[in-house]
2 protein chains.
Amino acid sequence: MEERTFGAVMQELRKGKGLSQEELAFRSGLDRTYISLLERGLRVPTIATLFKVSAALDIRPEEFIARMNVQYQNENHGAA
Amino acid sequence: MEERTFGAVMQELRKGKGLSQEELAFRSGLDRTYISLLERGLRVPTIATLFKVSAALDIRPEEFIARMNVQYQNENHGAA
DNA sequence: ACAAAATGCAGACTATAGTCCGTGGAGTAG
DNA sequence: CTACTCCACGGACTATAGTCTGCATTTTGT
């Protein structure tokens with residue numbers, strides 16, 4: 001199974017726009033080293049950060065989320 | 001302008017399914033009091049929590065996000 | 001009125017998101 | 001070789017997400 005994390009999606013979008021991590025950091029108002037942490041999957045952002053990064057990359061947050069497929073999903077949500 | 005926060009969307013979906021905060025907490029693997037905090041807008045969840053809550057409410061995370069409209073968005077994302 | 005369920009809320013706590021400063025290494029260009 | 005850009009990475013730190021216990025209040029149902 002593919003593991004498309006937040007960081008992977010972000011990196012792809014960032015490179016697609018020809019931005020450096022530092023430029024993305026500036027645009028999103030986040031720290032340069034934190035962008036690096038996100039891309040390497042070492043941090044899980046809040047949705048506030050999702051919105052900031054999405055805005056900086058000119059993509060709708062829901063579209064950003066739609067591009068990921070991860071298994072944060074819980075074990076226990078079987079029957080209604 | 002309407003302010004549709006994460007918590008507002010969550011509460012609407014939760015009530016729509018006839019769940020108590022405690023039941024939602026159990027399904028999502030989160031704390032009951034934290035669910036309460038989220039609904040009152042006193043906490044901003046990580047995307048990991050978004051995925052958990054979404055799973056517990058049988059909705060796709062991107063659909064969940066699409067239902068909100070908030071102004072976390074940054075000041076500086078003008079021109080390309 | 002009464003009981004029970006559901007929620008608000010406070011305090012104290014642990015885990016982790018996010019910042020800041022600096023360094024070293026890889027790649028590119030003069 | 002030198003200079004510059006970009007990024008990985010560490011350490012130390014601050015802010016806040018998320019837990020746990022317990023109690024008061026509200027709500028729901030009989």
Side-chain angles (χ1 to χ4, degrees), chain A residues 3-57 59 61 64-65 67-68 70-77 80, chain B residues 3-57 59 61 64-65 67-68 70-77 80:
Chain A
E3 259 290 311
R4 247 182 135 52
T5 63
F6 179 91
V9 173
M10 182 174 80
Q11 185 176 66
E12 185 172 294
L13 290 168
R14 175 177 68 80
K15 289 188 174 174
K17 303 204 70 167
L19 296 174
S20 68
Q21 289 183 350
E22 190 159 13
E23 285 168 329
L24 175 54
F26 177 74
R27 286 195 182 203
S28 59
L30 296 168
D31 195 79
R32 183 185 64 77
T33 64
Y34 182 56
I35 297 293
S36 175
L37 289 170
L38 283 176
E39 285 195 1
R40 283 177 288 146
L42 300 178
R43 286 294 189 282
V44 176
T46 63
I47 63 175
T49 298
L50 162 68
F51 276 78
K52 289 180 189 172
V53 170
S54 297
L57 291 172
I59 188 176
F64 197 117
I65 292 293
R67 294 203 189 187
M68 340 175 17
V70 192
Q71 279 84 341
Y72 301 119
Q73 285 86 340
N74 241 18
E75 322 74 44
N76 53 335
H77 66 289
Chain B
E3 259 290 310
R4 245 181 136 52
T5 64
F6 178 90
V9 173
M10 182 174 80
Q11 185 177 66
E12 184 173 295
L13 289 168
R14 176 177 69 79
K15 289 188 173 173
K17 302 204 72 167
L19 297 173
S20 68
Q21 289 183 351
E22 190 158 14
E23 286 168 328
L24 175 55
F26 176 73
R27 285 195 181 204
S28 59
L30 297 167
D31 194 81
R32 184 189 67 77
T33 64
Y34 181 57
I35 297 292
S36 175
L37 288 170
L38 282 176
E39 284 195 1
R40 284 178 286 143
L42 301 179
R43 287 292 188 284
V44 175
T46 62
I47 63 175
T49 297
L50 162 68
F51 274 79
K52 289 180 189 172
V53 170
S54 296
L57 290 172
I59 187 176
F64 197 117
I65 292 292
R67 293 202 189 188
M68 343 176 12
V70 192
Q71 281 83 340
Y72 301 119
Q73 286 86 340
N74 240 19
E75 319 77 41
N76 53 335
H77 65 290

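Note on naming: letters A, B, ... go to the chains in the order of the sequence lines (proteins, then strands), and numbering restarts at 1 for each one. Treat the numbers as computed from the prediction; the structure is a model and nothing was measured.
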Atom pair distance, as rounded to whole Å: CG in B/L38 and C1' in D/dT19: 13 Å

Any side-chain heavy-atom pair of B/I47 and A/T46 under 4.5 Å: no

To the nearest angstrom, the CD-C1' distance between A/E23 and D/dT5 comes to 11 Å

Taking salt bridge (charged side-chain N to carboxylate O under 4.0 Å, His left out) as the definition, give me every residue that meets it alongside A/E12, ordered by chain and number, with sequence neighbours left out. A/R4

Under 3.5 Å, side chain of A/S54 to main-chain N/O of A/L50, donor-acceptor pair present? yes

If I take atom CD in residue A/E22 and atom P in nucleotide D/dC4, what distance separates them, rounded to the nearest angstrom? 15 Å

Salt bridge (charged side-chain N to carboxylate O under 4.0 Å, His left out) contacts in which one or both residues fall within residues 31-42 of chain B, not counting sequence neighbours: B/R14-B/E39

Phosphate-side-chain proximity, A/Q21 and D/dT5, N/O vs OP1/OP2 below 4.0 Å: no

Interatomic distance, B/L37 CG vs C/dT7 C1' [rounded to whole Å]: 12 Å

Nearest-0.5 Å distance, CD1 of residue B/I59 to CZ of residue B/R67: 4.0 Å

Nucleotide of D/dA17, C/dT7, D/dC7 approaching A/S20 most closely (side-chain heavy atoms): D/dC7

Provide, to the nearest angstrom, the distance between the CG atom belonging to A/L19 and the P atom belonging to D/dC6. 11 Å

Can you tell me the distance, in whole Å, between the CD1 atom of B/I35 and the P atom of D/dA17? 14 Å

Under 3.5 Å: donor-acceptor pair, side chain of A/S28, backbone of A/L24: yes

For nucleotides 9-14 of chain D, tabulate all protein N/O to nucleotide N/O atom pairs closer than 3.5 Å, reporting atom names and distance.
unit_1, atom_1, unit_2, atom_2, d
D/dC9, OP2, A/R40, NH1, 2.9

Return the nearest nucleotide to the side chain of B/T46; candidates are C/dT19, D/dC20, C/dA17. C/dA17

Looking at D/dA8, C/dG8, C/dT19, which one has an atom nearest to any side-chain atom of A/D31? C/dT19

Could you state the CE-C1' distance from B/M10 to D/dA17, rounded to the nearest angstrom? 14 Å

Could you give the CZ-to-P distance, from A/F6 to C/dA17, as a whole number of Å? 12 Å

Under 3.5 Å, is there a donor-acceptor pair between the side chain of B/Q11 and the main chain of B/A8? no

